[in-house]
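What follows is a short report on a single structure.
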Amino acid sequence: MNQVKLFSLKMNDGYFMPLLGLGTSASKVVKSEVEKAVMRAIDVGYHHIDSAYIYQNEEETGRAIQMKLADGTVKRGDLFLTTKLWNTLFHLESVQTCLESSLRKLQLSYVDLYLIHSPTALKPGEDPIPEDTHGNITFDTVDLCITWEALEKCKDAGLTKSIGVSNFNHKQLEKILNKPGLKYKPVCNQVECHPYLNQSKLLEFCESKDILLIAYAPLGSDLRKKWVKKENQVLLQDPVLNAIAEKHRRTSPQVALRYQLQQGVVALAKSFSEKRIKENFQVFEFQLTLEDMECLDGLNRNIRYFDCGEFAHHPDYPFHEEC
């Protein structure tokens, strides 16, 4: 088995997803830093890069990938690239158009994974976060099963190898799984997941359906970000997490990432620092004990850094459910 598959999980469609990926969401970082981070990550050994239409830096991500392909650092077949369908583009006629736009920016003929970014459809139009005259976000109502059919067509067209969802609760996953005429199951559900929000019930549900869980914000989040709840505690300052890190002579981020991997959860580590990109990739060099894992399980407080409260009145808002 090659090195990529060795540190990967098999999806329900037969393809493999690397356990550790680089996240590229970067609203407060200049776009050139995203390009540098992707190149550094590929140099270090990352093969999984997570992007999205709404991140508005797919061109920079694409340039970095093309440079690393051109200099022979990596082959396209060893890379795992994800992008996501944005919420204003859920209608049948827009889904493939969105993916084709992403592919042009990424300079790729296909992605490895195409996700529905979240279940909350927004009013179609040029504005990614449409608002009415009073400044309220304008929602749309779209049957997620129809959107899913459009993703299936993207897979059949060879524009993506695999398809999945993000920020779905178990009822929304069930809706897709129980859809009449379902052609392809979602291979994954990408959700916020970390020791303060360990998603144990959602993980159990996904495992029962042969759906991988992907953790975004596995290190918690920077409270300075616009979308993040400011009153939450900072995960990486937790004394239990820090004590386990000290015991293993590792960093707190390394322990938080390793926690996910040992649960069979794919982790997306986001960093633009060369030092931290390297450190995060060292999660394959140590193991947590059963006692460590139980202590980290005990940190769960159902703290959600990204609750997207602005969408709470949307009929498809996913976080009213426990999982």
Side-chain angles (χ1 to χ4, degrees), residues 23-29 31 34 50-58 82-91 94-95 98 101-102 114-148 151 164-173 175-176 189-194 196-199 202 213-235 268 270 301-323:
T24 60
S25 170
S27 59
K28 291 188 178 297
V29 175
K31 292 184 178 183
V34 175
D50 182 83
S51 65
Y53 180 89
I54 193 60
Y55 296 167
Q56 300 180 350
N57 55 26
E58 288 176 309
T82 299
T83 194
K84 306 180 191 79
L85 172 71
W86 182 238
N87 304 35
T88 55
L89 298 160
F90 279 11
H91 287 271
S94 302
V95 173
C98 178
S101 173
S102 290
Y114 191 37
L115 304 180
I116 298 176
H117 203 134
S118 91
T120 50
L122 301 177
K123 181 182 177 182
E126 294 298 317
D127 192 343
I129 309 290
E131 296 180 347
D132 62 20
T133 54
H134 302 290
N136 300 311
I137 296 174
T138 49
F139 302 143
D140 194 14
T141 303
V142 180
D143 184 345
L144 292 171
C145 288
I146 300 297
T147 304
W148 185 254
L151 265 75
V165 299
S166 179
N167 294 305
F168 274 45
N169 62 40
H170 80 282
K171 288 184 178 179
Q172 291 163 333
L173 278 169
K175 183 177 181 180
I176 301 294
N189 187 17
Q190 185 183 125
V191 296
E192 179 180 349
C193 187
H194 44 74
Y196 281 176
L197 181 71
N198 66 23
Q199 301 278 18
L202 185 59
L213 201 69
I214 304 175
Y216 70 76
L219 309 179
S221 190
D222 185 343
L223 300 184
R224 294 171 296 179
K225 291 180 181 176
K226 177 182 176 182
W227 294 96
V228 174
K229 293 179 74 174
K230 305 298 185 286
E231 66 271 22
N232 285 337
Q233 295 165 277
V234 179
L235 172 66
L268 300 175
K270 185 173 69 176
R301 301 170 189 178
N302 292 319
I303 289 177
R304 193 180 290 278
Y305 292 98
F306 298 89
D307 72 348
C308 300
E310 295 85 348
F311 296 77
H313 297 295
H314 195 291
D316 290 316
Y317 180 73
F319 305 140
H320 293 313
E321 294 290 326
E322 186 180 354
C323 76

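Note that these values count all heavy atoms, side chains included, but never hydrogens, waters or copies made by symmetry. Residue numbers start at 1 and run along the sequence shown.
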Nearest non-hydrogen partners of [X] and [Y], listed with the distance:
| X | Y | result |
| --- | --- | --- |
| Cys308 | Tyr317 | O-CE1, 3.3 Å |
| Leu219 | Leu235 | C-CD2, 3.5 Å |
| Ala312 | His320 | O-NE2, 3.0 Å |
| Pro218 | His194 | O-CB, 3.5 Å |
| Thr24 | Ser51 | OG1-CA, 3.4 Å |
| Cys323 | Leu202 | CB-N, 3.7 Å |

Between Trp86 and Ile129, is a side-chain contact (heavy atoms from CB on, under 4.5 Å) present by the stated rule, with each step listed? CA-CA 10 Å; Trp86 182 238; Ile129 309 290; 3.6 Å; yes
Using a 4.5 Å cut-off on heavy atoms from C-beta on, say whether the side chain of [Y] contacts that of [X].
| X | Y | result |
| --- | --- | --- |
| Phe139 | Leu122 | yes |
| Cys98 | Tyr114 | yes |
| Asn302 | Leu197 | yes |
| Ile176 | Phe168 | yes |
| Val95 | Trp148 | no |

Please round to the nearest 0.5 Å and tell me the distance separating atom [atom1] of [X] and atom [atom2] of [Y].
| X | Y | atom1 | atom2 | result |
| --- | --- | --- | --- | --- |
| His314 | Ile137 | NE2 | CD1 | 10.0 Å |
| Leu85 | Ser166 | CG | OG | 11.0 Å |
| His313 | Thr120 | NE2 | OG1 | 13.5 Å |
| Ser102 | Lys84 | OG | NZ | 10.0 Å |
| Asn57 | Ser25 | CG | OG | 7.5 Å |
| Gln190 | Asn167 | CD | CG | 7.5 Å |

Knowing that exactly one of Thr147, Leu144, Leu151, Leu173 qualifies, which makes a side chain to side chain contact (heavy atoms under 4.5 Å, CB included) with Val165? Leu173
Answer yes or no: is there a donor N or O on one side and an acceptor on the other, between the side chain of [X] and the main chain of [Y], under 3.5 Å?
| X | Y | answer |
| --- | --- | --- |
| Lys31 | Ala26 | no |
| Glu321 | Asn169 | no |
| Glu192 | Arg304 | no |

If the condition is ring-ring contact (aromatic ring centres under 6.0 Å, His included), which residues does Tyr53 pass it with, not counting sequence neighbours?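 Tyr53: no ring-ring contact (aromatic ring centres under 6.0 Å, His included) contacts found.
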State which residues pass ring-ring contact (aromatic ring centres under 6.0 Å, His included) with Tyr196; sequence neighbours excluded, sorted by chain then number. none
Asp132 versus Thr138, side-chain donor and acceptor atoms under 3.5 Å: no
Salt-bridge present (Lys175, Asp143; N to O < 4.0 Å):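 Counted as a salt bridge, because a side-chain N and a carboxylate O are separated by less than 4.0 Å.
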Run Asp316 and Gln172 through side-chain contact (heavy atoms from CB on, under 4.5 Å) and show every step you take. CA-CA 8 Å; Asp316 290 316; Gln172 291 163 333; 4.0 Å; yes
